[in-house]
Amino acid sequence: MKNNGRRGFMGMAFGAVAAVGAIGSLVAMKKSWDPLPSVKAAGFTTLDMSIYEEGLMVTEKWRGKPIFVLKKSAAVMKEEEGNPDAQARNIKIGNDNFMVAIGLCTHLGCIPAFRKHKNDFLCACHGGQFSAAGLVTKVPPPRGLDIPPFKIDGNMLVLGEQGPEWTMMKENGVTL
């Protein structure tokens with residue numbers, strides 16, 4: 001009878017080890033099925049547009065790309081008056097106008113620098129320049145800065161979702 005007790009204990013110990021191993025395997029399999037953090041980040045990015053300061057260009061990140069967000073000042077809006085191309089690129093949220101664009105030069109993909117004193121962007125690689133609206137002011141870039149798909153939800157801007165404003169921009173040829 002002594003052997004039966006020992007045999008029973010060994011059986012239960014083996015069963016416990018097998019159960020822990022099975023649970024560990026299931027956890028590992030579930031983790032391998034979950035999307036990677038980089039894939040999760042590639043989805044939607046929500047920006048609270050009420051926190052941006054006027055005239056200050058901020059770089060956000062969406063799908064691994066820099067996104068330029070510029071809350072336009074009254075001076076910039078006055079400069080753009082009478083320019084329908086610049087006005088068509090404005091993203092109006094509440095009483096504020098924003099320039100939101102993918103921060104990659106459309107020439108060779110360099111990241112242009114914002115020059116606050118001139119309210120424009122300069123791509124130092126080949127001398128391309130963009131206005132505060134993201135329009136080309138000096139070639140070689142073939143087109144203005146691209147506008148990422150967005151949807152306006154109150155004071156929030158949801159990048160990666162195609163809202164009616166962005167769809168209208170795309171249909172009118174303002175962005176790709």
Side-chain angles (χ1 to χ4, degrees), residues 37-176:
S38 60
V39 173
K40 285 182 183 178
F44 302 110
T45 299
T46 304
L47 305 176
D48 182 0
M49 302 307 279
S50 63
I51 65 169
Y52 294 99
E53 295 178 32
E54 190 174 281
L56 182 66
M57 203 282 296
V58 177
T59 304
E60 300 288 351
K61 193 171 183 180
W62 172 70
R63 292 188 179 175
K65 297 177 185 172
I67 301 296
F68 292 162
V69 179
L70 175 66
K71 184 175 182 180
K72 294 183 178 181
S73 65
V76 170
M77 292 303 294
K78 189 165 179 81
E79 284 176 22
E80 293 177 357
E81 231 173 66
N83 184 346
D85 292 335
Q87 291 174 341
R89 296 177 63 89
N90 278 343
I91 297 174
K92 190 164 181 69
I93 298 176
N95 295 326
D96 300 318
N97 288 286
F98 292 88
M99 186 283 299
V100 177
I102 298 173
L104 298 174
C105 180
T106 54
H107 177 230
L108 291 176
C110 306
I111 299 176
F114 181 66
R115 300 187 297 179
K116 186 174 181 166
H117 64 284
K118 291 191 174 189
N119 282 322
D120 71 352
F121 295 89
L122 172 66
C123 184
C125 296
H126 297 101
Q129 291 181 0
F130 301 91
S131 69
L135 295 169
V136 175
T137 56
K138 184 178 174 196
V139 294
R143 63 181 185 281
L145 295 172
D146 295 325
I147 300 171
F150 68 89
K151 177 183 165 194
I152 298 172
D153 186 12
N155 276 345
M156 308 300 269
L157 189 75
V158 182
L159 296 176
E161 197 169 327
Q162 298 178 6
E165 297 86 357
W166 184 81
T167 304
M168 181 185 276
M169 286 179 165
K170 184 172 172 94
E171 289 171 355
N172 292 337
V174 175
T175 190
L176 293 179

What pairs with [X] under side-chain contact (heavy atoms from CB on, under 4.5 Å), at least two apart in sequence or on another chain?
X: Glu79; result: Asn119
X: Lys116; result: Phe114
X: Met168; result: Asn172

Atom pairs and distances, side-chain donor-acceptor, residues 129-142, under 3.5 Å, sequence neighbours left out:
from, atom 1, to, atom 2, distance (Å)
Ser131, OG, Ala133, N, 3.2
Ser131, OG, Leu135, N, 3.3
Thr137, OG1, Gln129, O, 3.3

pair Leu159-Arg63: side-chain heavy atoms closer than 4.5 Å: no

Student check: side-chain heavy atoms of Met49 and Ile152 closer than 4.5 Å: no

Supply the atom-to-atom distance [X] [atom1] to [Y] [atom2], rounded to the nearest 0.5 angstrom.
X: Asp96; Y: Asn155; atom1: CG; atom2: CG; value: 8.5 Å
X: Met57; Y: Tyr52; atom1: CE; atom2: OH; value: 11.0 Å
X: Leu104; Y: Phe68; atom1: CG; atom2: CZ; value: 7.5 Å
X: Arg115; Y: Asp120; atom1: CZ; atom2: CG; value: 4.0 Å
X: Cys125; Y: Ile111; atom1: SG; atom2: CD1; value: 9.5 Å
X: Leu157; Y: Glu165; atom1: CG; atom2: CD; value: 9.0 Å

Derivation and outcome, side chain to side chain contact (heavy atoms under 4.5 Å, CB included), residues Ile91 and Asn97: CA-CA 6 Å; Ile91 297 174; Asn97 288 286; over 6 Å; no

Nearest heavy atoms of Met99 and Phe121, plus distance in Å: CE-CZ, 3.4 Å

Residue pair Glu53 / Lys71: nearest heavy atoms and the distance that separates them: O-CB, 3.6 Å

Check ion pair Glu80-Arg89 (N to O, under 4.0 angstrom): no

Check against side chain to side chain contact (heavy atoms under 4.5 Å, CB included), Ile67 and Thr59: CA-CA 5 Å; Ile67 301 296; Thr59 304; over 6 Å; no

Show every donor-acceptor pair shorter than 3.5 Å between a side-chain atom in residues 143-150 and any protein atom, with sequence neighbours excluded, or say none if there are none.
from, atom 1, to, atom 2, distance (Å)
Arg143, NE, Asp146, OD1, 3.0
Arg143, NH2, Asp146, OD2, 3.1

Side chain to side chain contact (heavy atoms under 4.5 Å, CB included) evaluation trace for Asn90 with Met77: CA-CA 10 Å; Asn90 278 343; Met77 292 303 294; 3.4 Å; yes

Qualifying residues under salt bridge (charged side-chain N to carboxylate O under 4.0 Å, His left out), relative to Glu60, sequence neighbours excluded: none

